[in-house]
2 protein chains.
Amino acid sequence: MKLSDGVEWAIHCVMLLGALPQTATLSGKALAEFHGIPESYLLKHLKRLVASEILESVPGPRGGYRLARPPKEITLLDIVQAVNGKRPAFRCTEIRRRGPCGLDDSAYPRCCGINRAMMRAEVAYRDALAEETMKGITDEFIASADPRIIPLGQGWLADNMRSPKS
Amino acid sequence: MKLSDGVEWAIHCVMLLGALPQTATLSGKALAEFHGIPESYLLKHLKRLVASEILESVPGPRGGYRLARPPKEITLLDIVQAVNGKRPAFRCTEIRRRGPCGLDDSAYPRCCGINRAMMRAEVAYRDALAEETMKGITDEFIASADPRIIPLGQGWLADNMRSPKS
DNA sequence: TATTTATAGATAAAATATATCCATGATAAA
DNA sequence: TTTATCATGGATATATTTTATCTATAAATA
């Protein structure tokens, strides 16, 4: 069981975009350069974040990406599900119906108990992810970051951010 | 993010083995036939369950597999970790150090905050899996199974189980 | 209006992970 | 010694993830 690398990239991108002033944007190219990751694959994930209404995209020159809502209202669950999909990690294949002791459909009115138990654990995982907001994570980052990092990042942002007309 | 099919197979096998009397065993072939799944691949997972001391194996004719401890002391976490490994689903690749604003190692004494947040959620998942015992799941199964299933399974078990010497 | 720079979408190649099968060796019972 | 079983490793196939490329479309600018 492994989460896509894109999840890590997406969370870092959302955190960086949260440091921009209101309507400013960063291009996909700039986001990829800042994190030292391939632009071609990152764009695929940014697209999904836009589709899930976590980011907004602004086309054309001076365009790019920005948050669609404040960091307080974006959780890790939102991002994980946008990038990784909403299908559960455990997928019941109904093996209880197979083999010599399998019966017809009428014998299985309820969902398999093993599936239900696995789902209970996945609900706990999703609940925990929903508790983690980007605001909380960003505050923790700022509080414990090396003192050199913040001004360095602010300088880079000033050089690379754009302010579209609308 | 997807759990291996082997996890589902392993849980069903452990539940079935829990229905055997004390020292009796079922062969890998019998376990595969009962669940209608490929024997060759199932054996790979059974081996891991043995290595994790969830099952015991008995070689030779009349040999097979049986539980290494009572169902009350086997949790879904034990089985998931035996089959799927213990590595976390989220693997931090330290992209915070890359790109134009990356600094030397001294700037990162602590684990990445994003990684810590993801790990908090995974701990919640593992805790929930550790709450689910095979005894609990089996009791729930027996209580809500179609009345035809139990005698059918008992008959099949009587035909297929073995009692090794030791 | 034409040009430039950006995102959106589709496609495909490469790398990795998962699933399946098969052949061989070791162990213990008959 | 023969037989039925588990243990191991390798060969093959399928699925998923990662990366790259191409075309289309939208918006700002000259």
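Chain letters run A, B, ... following the sequence lines, proteins first, then strands; residues in each count from 1. Model, not experiment: these values are computed from the prediction.
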Write down the distance between [atom1] ([X]) and [atom2] ([N]), rounded to a whole number of angstrom.
| X | N | atom1 | atom2 | answer |
| --- | --- | --- | --- | --- |
| B/I95 | D/dT18 | CD1 | P | 13 Å |
| A/R91 | C/dT18 | CZ | C1' | 12 Å |
| A/Y41 | D/dT17 | OH | P | 7 Å |
| A/D5 | C/dA17 | CG | C1' | 13 Å |
| B/I37 | C/dT18 | CD1 | P | 18 Å |
| A/W9 | D/dT17 | CH2 | P | 13 Å |
| B/K2 | D/dT14 | NZ | P | 16 Å |
| B/L42 | C/dC22 | CG | C1' | 16 Å |

Between [X] and [Y], does at least one N-O distance fall below 4.0 Å, as a salt bridge requires?
| X | Y | value |
| --- | --- | --- |
| B/R148 | A/D104 | yes |
| A/R66 | A/E56 | yes |
| A/E122 | A/R120 | no |

Go along nucleotides 3-16 of chain C 5' to 3' and tag each nucleotide: B for a protein heavy atom under 4.0 Å from its base, S when only backbone or sugar atoms are that close, - otherwise. -BBBSSB-BB----

When you check the side-chain N and O atoms of B/N160 and B/W156, is any donor under 3.5 Å from an acceptor? yes

Under 3.5 Å donor-acceptor, A/R62 side chain and A/P164 backbone: no

Compare the minimum distances between each of D/dA20, C/dA19, C/dC21 and the side chain of B/S40, then state the nucleotide with the smallest one. C/dC21

Pair B/K72-B/D139, salt bridge (Lys or Arg N to Asp or Glu O under 4.0 Å): steps then yes or no: CA-CA 11 Å; B/K72 193 178 63 177; B/D139 288 350; over 6 Å; no

